[in-house]
Structure formats: C-alpha cells, structure tokens
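All residue numbers refer to positions in the sequence shown, counting from 1.
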Amino acid sequence: MKALVLAGGSGSRLRPITHTGAKQLVPVANVPILFYGLAHFAEAGIKEVGMVVGDTEAEIRAAVGDGSRWGLEVTYLRQDAPRGLAHAVLIAREFLGDDDFLMYLGDNLLQSGVAGFVEGFERHRAAMREAGEADRAPAAQVLLARVPDPQRFGVAELAADGSVVRLVEKPEVPPSDLALVGVYLFDPSIHDAVASIEPSARGELEITDAIQWLLDHDHRVHHEIIEGWWIDTGKLTPLLEANRLLLEVAEPRIDGTVDEASTIEGRVVIEEGAVVIDSIIRGPAAIGANARIERSYIGPFSSVDHDCTVVGSELDHSIVLARSTIADVPRIVDSLIGRDAVVTRSAQRPRATRLMIGDHSQVDLDV
C-alpha cells in the first residue's frame with residue numbers, strides 16, 4: 001500500500017494567507033495541517049508516499065523533506081496546474097506502479113486517522129482472494145461523512161444493500177447527504193478509469209467520474225462512513241474549529257519559562273524557549289517555541305506559533321502564525337493572523353485606524 005497526497009492546490013478560500021504560503025502548511029494547534037496526515041500514514045503502516053505539488057513545491061519540500069521524521073519515503077510529483085484529482089493519479093502512474101494506494105487531500109483533518117480504513121480494505125481484498133473470488137474484491141473504497149450542505153461536495157448514492165451505485169460531483173440536487181471526504185483507496189484498475197474519462201464541465205478530470213467508470217464497468221466500490229470528526233480546512237471558520245478540536249486533546253506541558261506573576265489555567269502547551277511574563281493563559285491553548293507573551297491574556301482555543309510576540313494584548317479563539325507581533329491591542333477574537341504580521345494600536349494623535357491590507361483580506365472593526 002502506497003499513499004498519494006494532493007498538496008498542489010492554490011488555497012483561494014484562505015487568501016491572503018495562501019498568497020505567500022501553501023494551504024497545507026497552515027498550522028493548526030501549531031502543527032502544519034499536512035503533518036497530521038503524514039503521521040496517520042505512518043500509523044497505518046504505509047511507507048511510500050507520492051506528494052503531488054504545484055507552485056508551492058519549494059515550501060512543501062522544505063517542510064516535509066524526505067519524510068524520514070515520520071518513517072516515510074516521500075517522492076515529489078510535479079503537477080503543472082490543478083487539473084483535477086484524477087489527473088493527479090495520471091501523473092503518478094509510474095510512482096504507483098501496480099500497487100494498491102490511498103489517495104488523500106492534504107488539507108484534510110480526520111480525528112480517526114486512516115489506519116482502520118486501510119486495514120479494512122486490505123483485509124476484505126485478501127479474504128476475497130483466499131476464497132477464490134478475487135473478481136469480487138472491491139476495486140475502490142470511499143470514505144463518506146454526513147454533511148448539511150452536500151451540494152458543496154462529491155456525493156455518493158447508495159443502494160438498499162449499502163453498496164455505492166452512483167457518485168456525483170457538487171450536484172445541484174444531491175442524491176444523499178453523504179459527502180466524499182477526500183480519502184480514497186484504489187487497486188490498479190483505477191488507472192484504466194482515469195485514462196478513459198474526459199474533463200468535466202469545469203475542465204478537470206474528476207475522481208468521481210473515474211470511480212463512476214469503475215461502477216459502470218462492473219467493479220465493486222465499497223464505502224465507510226467516518227467515525228469522529230472530519231474537517232476540510234480550506235476556509236477560516238473550519239480552520240478555527242479544527243484548532244479548537246485539536247487543542248482540546250493536546251497533552252498539557254510547560255517547557256518554556258513562566259514567571260510568578262503569570263497564571264496558567266487548563267490545558268496549555270508552552271514550547272521550549274517561550275517566555276510568559278505577567279500574563280494569563282487560559283487553555284486549551286498553545287504557545288510556540290521562542291514566543292514571548294507579556295502583560296497579555298491568551299484565551300481558550302488560541303494558538304500562537306513560534307517566534308511570535310504578544311505584548312499588552314488580548315487574544316481569544318484565534319491562530320497567530322510564525323514571527324508575528326501583536327502589541328497593545330485590546331481584544332482580538334475569531335481571527336487568523338499570517339506570518340510576519342504586525343498588529344498594533346496606534347499612539348499617534350489624532351486617533352485613527354491605519355491599515356495596509358493586501359488583496360482578498362477581510363477586516364472587521366469595532367469602532
């Protein structure tokens with residue numbers, strides 16, 4: 001079993017953060033989103049990973065390296081433009097060979113990981129082979145989740161016996177509320193499928209069309225409905241929700257320095273080199289390595305990444321990326337602040353709001 005990770009998207013729904021960085025590397029609970037998936041692959045016993053990358057290849061290479069920190073071997077596969085999930089399978093043909101593989105969207109977060117999903121697929125296929133019924137073994141297995149807005153996703157239609165009979169990409173009238181999570185298992189027959197389909201109306205080779213091709217050619221497609229939470233982190237609100245969920249299960253520890261005037265309450269992680277002075281940190285919260293928190297309040301569900309400075313400010317339910325500075329700001333809530341940003345309260349007279357804001361930014365002012 002190999003893994004094929006899609007990490008080449010532009011992340012348009014997270015602009016302006018993704019103008020200058022890969023969406024898969026935005027940190028949640030101070031850990032890049034992509035790293036959670038890589039840890040799940042290792043847990044499932046997968047060793048070889050193909051990483052489909054685009055314009056952010058250099059950044060992802062620098063962060064992931066050869067994969068050895070997770071016990072993985074990572075091969076990078078360049079995709080010249082986002083041309084659909086099935087196109088990623090096409091360009092990975094040589095890497096995948098004739099092996100079964102897990103395909104995984106790099107900005108997914110799954111509470112349950114993928115080990116059980118992979119084990120179930122392999123066990124079922126092995127049982128069919130041993131019974132002399134290899135032709136009845138599933139060629140694919142899809143992971144599904146019930147969602148309130150299935151028209152935003154690829155959607156599965158199931159027969160009365162629970163088998164998958166049809167997949168539709170972002171339908172106006174969904175046949176069910178079962179959305180494709182973005183985690184798939186395939187045997188080598190998927191290569192025939194992706195080579196046989198045509199681009200969709202939006203000009204992409206859709207993996208839903210490829211799976212439908214399997215169904216139309218008498219291949220079996222199984223499904224599993226996800227246990228636990230699943231979050232597509234492509235937008236701000238679900239990103240903050242993922243941060244909350246992961247902070248809630250983080251093991252509290254204090255490896256940095258906290259002075260006697262400070263108060264640490266609840267589940268809080270303070271990394272090595274971080275300094276907390278005359279501040280209150282109320283967990284769940286995470287403070288990254290070499291950060292400095294002074295005369296400030298860091299409230300629940302907040303993550304402050306490495307080398308940040310927060311002075312004389314209040315932060316709640318927010319994510320602050322690396323090397324940013326927040327100074328003398330009364331209260332920041334429900335926010336995502338990018339790398340190397342500076343947010344300050346002006347001392348100039350007359351008092352005014354002064355902004356330098358990039359494209360696709362959003363600013364809510366309490367004035």
Taking every non-hydrogen atom, the tightest pair across [X] and [Y]:
X: P284; Y: L247; result: CB-O, 3.5 Å
X: I298; Y: A285; result: CG2-CB, 4.5 Å
X: Y36; Y: V28; result: OH-O, 2.7 Å
X: F186; Y: A140; result: CD2-CB, 3.6 Å
X: R83; Y: Q79; result: N-NE2, 3.7 Å
X: P171; Y: F153; result: CD-O, 3.5 Å

If the threshold is 4.0 Å, N to carboxylate O, is there a salt bridge linking [X] and [Y]?
X: D177; Y: R146; answer: yes
X: E265; Y: R282; answer: yes
X: R93; Y: D98; answer: yes
X: R323; Y: D307; answer: no

4.5 Å side-chain heavy-atom contact, [X] and [Y]:
X: L85; Y: L105; value: yes
X: H191; Y: V89; value: yes
X: I33; Y: L25; value: no
X: V333; Y: H317; value: no
X: V26; Y: D107; value: no
X: V155; Y: P175; value: yes
X: W229; Y: E241; value: no
X: I225; Y: H223; value: yes

Value rounded to 0.5 Å, distance of [atom1] in [X] from [atom2] in [Y]:
X: E294; Y: D278; atom1: CD; atom2: CG; answer: 8.0 Å
X: L6; Y: H87; atom1: CG; atom2: NE2; answer: 11.0 Å
X: L315; Y: C308; atom1: CG; atom2: SG; answer: 9.5 Å
X: I319; Y: L239; atom1: CD1; atom2: CG; answer: 4.0 Å
X: R220; Y: S189; atom1: CZ; atom2: OG; answer: 13.0 Å
X: R166; Y: T208; atom1: CZ; atom2: OG1; answer: 11.0 Å

Under 3.5 Å: donor-acceptor pair, side chain of [X], backbone of [Y]:
X: N243; Y: A29; answer: yes
X: Y184; Y: I207; answer: no
X: S313; Y: P330; answer: no
X: R267; Y: A250; answer: yes
X: T75; Y: E48; answer: no
X: S296; Y: E314; answer: no
X: N30; Y: V304; answer: yes
X: E157; Y: V165; answer: no
X: N108; Y: V181; answer: yes
X: S176; Y: A156; answer: yes

Around D55, counting heavy atoms of other residues, nucleotides and ligands shown, do more than 12 lie under 6.0 Å from its CG?
->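 Count not over threshold, so no.
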
Verify the neighbour count for atom CD of Q151: are there more than 12 heavy atoms of other residues, nucleotides or ligands below 6.0 Å?
->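 Check passes, neighbour count above 12.
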
M51 vs L34, side-chain contact (heavy atoms from CB on, under 4.5 Å): CA-CA, chis, key distance, verdict = CA-CA 11 Å; M51 187 83 65; L34 181 59; 4.1 Å; yes

Joint cluster assignment, [X] & [Y], ILVMFWY side-chain distance < 4.5 Å:
X: V269; Y: L321; result: no
X: Y104; Y: V74; result: yes
X: Y297; Y: I337; result: no
X: L185; Y: L38; result: yes
X: I280; Y: I270; result: no

Does any donor atom in the side chain of D259 or S262 lie under 3.5 Å from an acceptor atom in the other side chain?
->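 Judged by distance alone, the side chains do pair up.
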
Do H306 and E271 meet the criterion of a side-chain donor-acceptor pair at a distance under 3.5 Å?
->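 No, because no side-chain N or O of H306 sits under 3.5 Å from a partner of the opposite role on E271.
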
Determine, step by step, whether I281 and T263 satisfy the side-chain contact (heavy atoms from CB on, under 4.5 Å) criterion, reporting the C-alpha distance in whole Å, the side-chain angles of both residues, the deciding distance to 0.1 Å, and the verdict.
-> CA-CA 6 Å; I281 301 179; T263 301; over 6 Å; no

Tell me, with the steps shown, if L246 and L109 meet side-chain contact (heavy atoms from CB on, under 4.5 Å).
-> CA-CA 10 Å; L246 288 166; L109 279 174; 4.1 Å; yes

Pair D80-I91, side-chain contact (heavy atoms from CB on, under 4.5 Å): steps then yes or no | CA-CA 10 Å; D80 60 348; I91 66 170; over 6 Å; no

Would W230 and F117 count as a ring pair (Phe, Tyr, Trp, His ring centres under 6.0 Å) if you check the C-alpha gap in whole Å, the side-chain angles of each, and the deciding distance to 0.1 Å?
-> CA-CA 14 Å; W230 154 65; F117 187 54; over 10 Å; no

